Protein chains: 2
Amino acid sequence: MAQKPATLKDVAAYANVSRATAARALNSYGYVGDETARKVHEAAEKLGYRGNRLAQALRNGQLPIIGCILGDIQNPFFARIAHDIEVLARKYRYNLIIGSSEEELEQEVSLLASLQSLSIRGFIVAPTSDENNFHLERLIEENVPLVLIDRVVKGIECDSVVVDNEGGARKAIEYLIAMGHRRIGLLQDDTRIFTSRERLSGYQSALTAGGITPDDRMISVSQSTVEHAIDATIRLFSQKTPPTALFTVDSLMTQGALLAFRAMGISIPHDVSLVGFDDFNLATFTDPQITVVAQPVSEIGLAAARLLFEKLTGQSSPPQQIRFETKLLIRGSVSRRPEG
Amino acid sequence: MAQKPATLKDVAAYANVSRATAARALNSYGYVGDETARKVHEAAEKLGYRGNRLAQALRNGQLPIIGCILGDIQNPFFARIAHDIEVLARKYRYNLIIGSSEEELEQEVSLLASLQSLSIRGFIVAPTSDENNFHLERLIEENVPLVLIDRVVKGIECDSVVVDNEGGARKAIEYLIAMGHRRIGLLQDDTRIFTSRERLSGYQSALTAGGITPDDRMISVSQSTVEHAIDATIRLFSQKTPPTALFTVDSLMTQGALLAFRAMGISIPHDVSLVGFDDFNLATFTDPQITVVAQPVSEIGLAAARLLFEKLTGQSSPPQQIRFETKLLIRGSVSRRPEG
DNA sequence: AATGCATGTGAGATCGATCTCACATGGTTT
DNA sequence: AAACCATGTGAGATCGATCTCACATGCATT
C-alpha cells in the first residue's frame, strides 16, 4: 500500500532529536554535534528521506522551476531552445515547465499567471505581442527574473536574446538583387510578431537601397504553418507578373513555399529563386539545397538560460540585450537572372 | 516595488471576515451568507487575489502538474506528443513539466524522484530501459497515475500507448521482399530500447517467413542521431556485398542514411531501396520521396493524456493497453530488384 | 565567584490555503 | 418550555520544512 514518503518529522523521531536539529544536520547550518549529525543522516538514509520541495518552496517563496513560454514546441527552432534550456537547468537542479502561447496574447497572460501562482520566479518568454504587455511589466516591477527570447518588446527593460533579423533579411535581399532579381516576393507572417516586423523592415530597406520600390503586390501574409504558407505562395505566384525570387521569413513558410512550387510545377532555381530565414534540416535534403539565413540556434537557448541563472543566483547586473548575427548560407536555390 | 501578491488573509481582512469564511465564499462550499459572499468576492477582485497553488498543493497532497519524461523533445515525434499533451492539460488547468531522459536510466530515475518530491501525481513516461524499473514499480505501488508511452516494460502493469512496431517492421520488410530484395539491411539503435527491439523482431520474422536467413552483417547499430546514423550507414554499405535495400528504425536514422548515401554517391532507388520507420515532414521533400511506415502520432499523445486524466479524475478502471496500427506509405524510394 | 562565550538543542512561529470543530443565532417542532 | 435543526461564522489544526529565539551546557576568562 501507499506508505507516504518520509518527512523530516519522521527522520527526527527516528533519530531521537527535534525537527530543528534534524534540519540543521541535513542542511548543515548552525551547530550540530558530530554524533547527532551522524544519527540524523543515518535515519534519513534508512527512511529514504527526500525533502518535500513544495513545502520548501512555500517557506522560502520560490520554486526551483523555470517557466518557459514559447510559441510552439513543435517548431524545431523552439524545440532546440527548450532542449538547451532544460540541459542547463538540470545542472542547477531546476525543472522546466513548458507552455505554448500559440501566439495568443491571452494565453500567454493566463499561462504566466498560473505559473506565478506556483511561486515560480524565473521566466523565459517569447512574447507574442508588441503591445499590452502589462503582465511582463508586472514581472519586472516585482523583480522576477525574466529573459525575452527571439523577440523583444518596446518598453520592457530586461535581459533578452534575439538575432539580427533586419540585417539577416537585408543580406538575403541584397544577395538576390546582386543576382539580378528585381521582383522579389516576401512571404511573411503576422506583423504583430516582432521577428516578422524586423525581417520585413530589412526586406524593404534592402530593396530601397538597391533602387527598387517596394511593391505590396510582392508581399503575401499568412499564419506560420506549412498549410497556410502553401496558399499564400500560390496567391503570390498566380499574378500576371509574379516575383522571380521569393524570401520566406521562417522555416515553416519555406516548406510551404517548396510544396506550393511543386504543386504549381514551378522549378527551383530555374523558374524562381528562393531564400529562407532560419536554417532547417530539410534544407539540405532537397534538390537543389535551399539557401538560407541561418541563426545560431544552439547559442540562443544557452545564452538565455545563462542570463536567467545569473539573475536567479543573485547577480543584479543591468539588463543585457544580446543580439546574435545571422549568416547567409549560399546553397543552390538561387539562380542568376539574365539582365533585362 | 515588489508588493507581495494578496493572500487569503488579506482578502479576509479586507472583507472583515475570517479566513475560513473567505475560503468558503471563494470555493463555494459550506454555508455562507449572501451578503458576506458578495463582500468577499469584491475584496478578492479588488486585491487581485489568486490562490497560491503551492500552498493548496501542500495541503491536499498534489500539484496540478503533469510530469512528462521523454527521450528528447527535439525528436519531432516526441515534440508532437508533448504538444498534444499540453493542449489537453490546459483544459484541465494542469501545467506540463517536460524532462528529457536522454535515454539514460539514471537520468530518468532522478528526474522522476525530483518531480515526485514536488508532489506531482501523474506521469507520462517513455521508459528508457526494459529492466531495473524499480522507480516505475514504486509509482504503481503508491497508486500514482502513470501512462507509458511509445514503449512498454515487462512487469509493469499500467496504462500504455504504443504502436505495433513489430507489425510495422514486418510490413516494410515484406514489401521489400515482394519487390525482389533479399539482402535487406537494418539500421537500428540500441536494443535496450523497446521500439528498437520490437522492430528488429519484425524484421527478423519477416525475413524468415520469406525464406531468407537473417545475417548479422546486414545489421548496423548506432545511437539515434543523424550523425551516428551516417557512420553506421557507411559501415554497412562499405562491405563487399552490401545490402540492396535498407530499413531504418526511426526518422533520425532515415535522415542519416539519406545523407550517407548522398556522400557515397549511392542513388535512391536506383542503387539501393529505402524504407524508414516513422513518417517525417522531410520524407516528402526529397526526390524521390521516401517510403515509410507511418505511426498515428497525433493520436498517441492524445490517447496518453486521456488515459492519464481518467485516472487523475478518480476513475479506477483496470490498466488499458492501447496499441495503434501502423501504415506503410508507399512512395518512391523502393525499386524492383531484377531477379537473380 | 562571577561573567563571558562557544557549542548544542528544542519549542514554537511561519509560509498560505483549507478543513474540522465548536459556537452562535433564530426558527420550528414536540 | 424543551429540544431540535438549519444557517452562518470564527478559532485553531494541518500540510512539511525552516528559522528565530530561548535555554541549556561546559569551559575559559576576569
Side-chain angles (χ1 to χ4, degrees), chain A residues 2-41 43-44 47-64 93 113-121, chain B residues 2-41 43-44 47-64 93 113-121:
Chain A
Q3 89 269 32
K4 292 265 183 298
T7 70
L8 185 62
K9 202 165 138 191
D10 301 330
V11 174
Y14 194 95
N16 272 315
V17 296
S18 70
R19 280 152 43 246
T21 302
R24 271 188 290 255
L26 292 172
N27 304 324
S28 41
Y29 70 93
Y31 293 106
V32 194
D34 290 352
E35 175 63 9
T36 317
R38 205 189 45 71
K39 271 195 308 185
V40 171
H41 279 106
L47 301 177
Y49 171 74
R50 316 185 135 271
N52 180 324
R53 293 169 68 198
L54 224 51
Q56 291 167 340
L58 177 60
R59 187 88 222 301
N60 74 25
Q62 68 181 288
L63 192 58
R93 311 188 145 279
S114 134
L115 297 186
Q116 274 203 280
S117 69
L118 277 173
S119 302
I120 288 181
R121 296 175 51 84
Chain B
Q3 89 269 31
K4 292 265 183 297
T7 70
L8 185 63
K9 203 166 136 189
D10 301 331
V11 173
Y14 194 95
N16 272 315
V17 295
S18 69
R19 281 150 42 248
T21 303
R24 271 188 289 256
L26 292 173
N27 304 324
S28 40
Y29 70 93
Y31 294 108
V32 194
D34 291 352
E35 174 63 9
T36 316
R38 204 191 46 69
K39 270 195 310 184
V40 171
H41 279 108
L47 301 177
Y49 170 75
R50 313 185 137 272
N52 180 326
R53 290 169 68 198
L54 225 49
Q56 291 166 340
L58 177 61
R59 187 90 220 302
N60 73 24
Q62 68 182 286
L63 193 57
R93 310 188 146 278
S114 136
L115 296 186
Q116 273 202 281
S117 69
L118 276 174
S119 302
I120 287 181
R121 296 175 52 84

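None of these values were measured; they are calculated from a predicted model. Quick note on labels: first sequence line is chain A, next is B, and so on, each numbered from 1.
Residue B:Thr21 has no polar side-chain atom (N or O) positioned under 4.0 Å from OP1 or OP2 of D:dT9. Between A:Asn52 and the phosphate of D:dC15, there is no side-chain N or O to OP1/OP2 separation shorter than 4.0 Å. Distances shown here put every side-chain N or O of A:Tyr49 at or beyond 4.0 Å from the OP1 or OP2 atom of D:dG16. OP1 and OP2 of C:dG8 both lie 4.0 Å or more from every side-chain N or O belonging to A:Thr36. A close approach under 4.0 Å does not occur between any side-chain nitrogen or oxygen of A:Thr7 and OP1 or OP2 of D:dG16. Checking the phosphate oxygens (OP1, OP2) of C:dT18, a side-chain nitrogen or oxygen of B:Gln56 falls inside 4.0 Å. Between B:Tyr31 and D:dT7 there is a side-chain polar atom (N or O) within less than 4.0 angstrom of OP1 or OP2.
Rounded to an integer number of Å, the gap from CZ of B:Arg50 to P of C:dG16 is 16 Å. When the C1' atom of C:dG8 is taken as reference, atom CD of A:Glu35 falls 14 Å away, rounded to whole Å. Summarising the geometry, the separation between CG on B:Leu8 and P on C:dC19 is reported as 12 Å, rounded to the nearest angstrom. If you measure from atom NZ of A:Lys9 to atom P of C:dA11, you get 13 Å, rounded to the nearest angstrom. One can place CZ of A:Arg59 at 10 Å from P of C:dG16, the figure rounded to the nearest angstrom. For B:Leu58 and D:dT18, the CG to P distance is 12 Å, given to the nearest whole Å. Rounded to whole Å, atom C1' of C:dG8 lies 12 Å from atom NZ of A:Lys39. Rounded to an integer number of Å, the gap from A:Asn27 CG to D:dG16 C1' is 13 Å.
The base of D:dG10 is paired with the side chain of B:Arg24 by a donor and an acceptor separated by under 3.5 Å.
In this structure, a donor-acceptor pair under 3.5 Å is absent between the side chains of B:Thr7 and B:Arg19.
Contacts of B:Arg38 classified as salt bridge (Lys or Arg N to Asp or Glu O under 4.0 Å), with partners at least two apart in sequence or in another chain: B:Glu35, B:Glu42.
For the pair A:Asn52 (side chain) and A:Leu54 (backbone), a donor-acceptor distance under 3.5 Å is present. With A:Arg53 contributing its side chain and B:Ser114 its backbone, the two residues share a donor-acceptor pair below 3.5 Å.
Distance from the side chain of A:Ala20 is smallest for C:dG10 among the nucleotides C:dG10, C:dC19, D:dA17.
The shortest non-hydrogen separation linking B:Ala113 to A:Arg50 is CB-CZ, 3.8 Å. In this structure, A:Val11 and A:Val40 approach most closely via the heavy-atom pair CG1-O, 3.9 Å.
Using a 4.0 Å heavy-atom cutoff across all strands shown, A:Asn60 reaches no nucleic acid atom at all.
Between atom CG of residue A:Asp10 and atom NZ of residue A:Lys4 there is a gap of 11.5 Å, rounded to the nearest 0.5 Å. Within the model, atoms NE2 of A:His41 and OH of A:Tyr49 stand 11.0 Å from one another, a figure rounded to the nearest 0.5 Å.
Comparing B:Val32 and A:Gly51 along DNA chain D, the residue whose closest nucleotide (by nearest heavy atom) sits nearer the 5' end is B:Val32. Comparing A:Ala6 and B:Arg19 along DNA chain D, the residue whose closest nucleotide (by nearest heavy atom) sits nearer the 5' end is B:Arg19.
Each end of the helix from C:dA2-D:dT29 to C:dT30-D:dA1 gets its own axis, taken as the rotation carrying the C1' atoms of four end pairs onto the next four within a five-pair window, and the two axes meet at 70° to the nearest 10 degrees.
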